[in-house]
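Model, not experiment: these values are computed from the prediction. All residue numbers refer to positions in the sequence shown, counting from 1.
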Amino acid sequence: MAITQELLADLRAETAELESMIGGVDSAAWSTLTPAAGWTVQDQLNHLAYFDDATTLAIRDPAEFSQLADNLIHSAQDFAGEIAEQQSNLSVETTGNWLRRARDTTSSSRSTPLKTLDEYRGSASP
């Protein structure tokens, strides 16, 4: 099995486990703080959905992904926090739907050899 297929199989298994943990949980539970300082369960799920979409982009359009990565890296030192802030007003339903769609899309992405970020950029860094 190619490494991409192994990773996608792992993602599907992780998704099933995640769904079992959040399925049927009331919306108030999504506001529970996590061990990540200042982040709620919903913030964590938004984070997963955002970066699942980024993963799909990397598989389908490496050049566009490289541009996104460059923009994120240069926009702020805490780009994960900024992304979380941008998504902070989403409803629980929207987050759940986004996560499911992002996971489905990523786990069904075509098989493409995975590259490092430097390979996507066309440069090698130490």
Side-chain angles (χ1 to χ4, degrees):
M1 183 183 294
I3 186 136
T4 303
Q5 292 305 313
E6 289 177 30
L7 290 171
L8 294 175
D10 286 346
L11 179 65
R12 286 188 285 275
E14 176 187 291
T15 300
E17 186 174 342
L18 180 60
E19 284 289 336
S20 74
M21 291 188 304
I22 63 171
V25 174
D26 66 26
S27 58
W30 289 46
S31 297
T32 302
L33 290 176
T34 68
W39 283 45
T40 65
V41 169
Q42 185 170 0
D43 293 331
Q44 295 285 355
L45 297 175
N46 285 335
H47 178 86
L48 290 175
Y50 182 92
F51 284 100
D52 284 350
D53 280 347
T55 299
T56 300
L57 183 61
I59 292 168
R60 293 183 176 173
D61 190 341
E64 188 176 340
F65 169 77
S66 181
Q67 184 63 47
L68 171 68
D70 285 341
N71 290 343
L72 287 173
I73 290 166
H74 292 98
S75 70
Q77 288 185 327
D78 180 21
F79 63 81
E82 285 201 13
I83 291 166
E85 180 65 29
Q86 292 168 7
Q87 312 305 328
S88 65
N89 293 324
L90 296 179
S91 69
V92 168
E93 180 181 11
T94 298
T95 293
N97 290 338
W98 180 24
L99 180 62
R100 286 178 196 90
R101 191 233 2 108
R103 286 286 163 120
D104 287 346
T105 303
T106 300
S107 65
S108 65
S109 293
R110 66 182 172 82
S111 177
T112 301
L114 295 180
K115 298 179 180 182
T116 66
L117 184 55
D118 288 331
E119 289 173 313
Y120 279 115
R121 289 185 176 143
S123 66
S125 58

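Put simply, the side chain of Q44 does not reach to within 4.5 Å of the side chain of V41, judged on heavy atoms. Looking only at side-chain heavy atoms (C-beta outward), D43 and T34 stay at 4.5 Å or farther from each other. The shortest distance between side-chain heavy atoms of L11 and T55 does not fall below 4.5 Å.
Salt bridge R101/D52: absent, no basic N to carboxylate O contact under 4.0 Å.
A102 and A49 make their closest contact through CB-O, 3.7 Å (heavy atoms, listed as atom of the first residue, atom of the second, distance). Annotation for A80 and H47: closest pair CB-CE1, 4.2 Å, computed over non-hydrogen atoms.
To the nearest 0.5 Å, the span separating OG1 on T56 from CZ on F65 amounts to 11.0 Å. Here CG of D53 is found 11.0 Å from CG of L48. Values are rounded to the nearest 0.5 Å. A distance of 11.5 Å separates CD of E17 from CD1 of I22, quoted to the nearest 0.5 Å.
Hydrophobic clustering of Ile, Leu, Val, Met, Phe, Trp and Tyr side chains at less than 4.5 Å, counting indirect connections, keeps L45 apart from F51.
Heavy atoms from other residues, nucleotides or ligands lying under 6.0 Å from CD of E85 number 12 at most.
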Side-chain polar contacts of residues 25-33 - donor-acceptor pairs under 3.5 angstrom, sequence neighbours left out - could you list them?
residue: D26; atom: OD1; partner: A28; partner atom: N; Å: 3.3
residue: D26; atom: OD1; partner: A29; partner atom: N; Å: 2.9
residue: T32; atom: OG1; partner: A29; partner atom: O; Å: 2.8

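By the side chain to side chain contact (heavy atoms under 4.5 Å, CB included) test, Q87 pairs with N46, Y50, I83, L90, W98, sequence neighbours left out.
Using a distance-only test at 3.5 Å, with no hydrogens or angles considered, no donor-acceptor pair links the side chain of Q42 to the main chain of G96.
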### Task
Carefully, step by step, assess N71 and Q67 under the rule side chain to side chain contact (heavy atoms under 4.5 Å, CB included).
CA-CA 6 Å; N71 290 343; Q67 184 63 47; 3.0 Å; yes
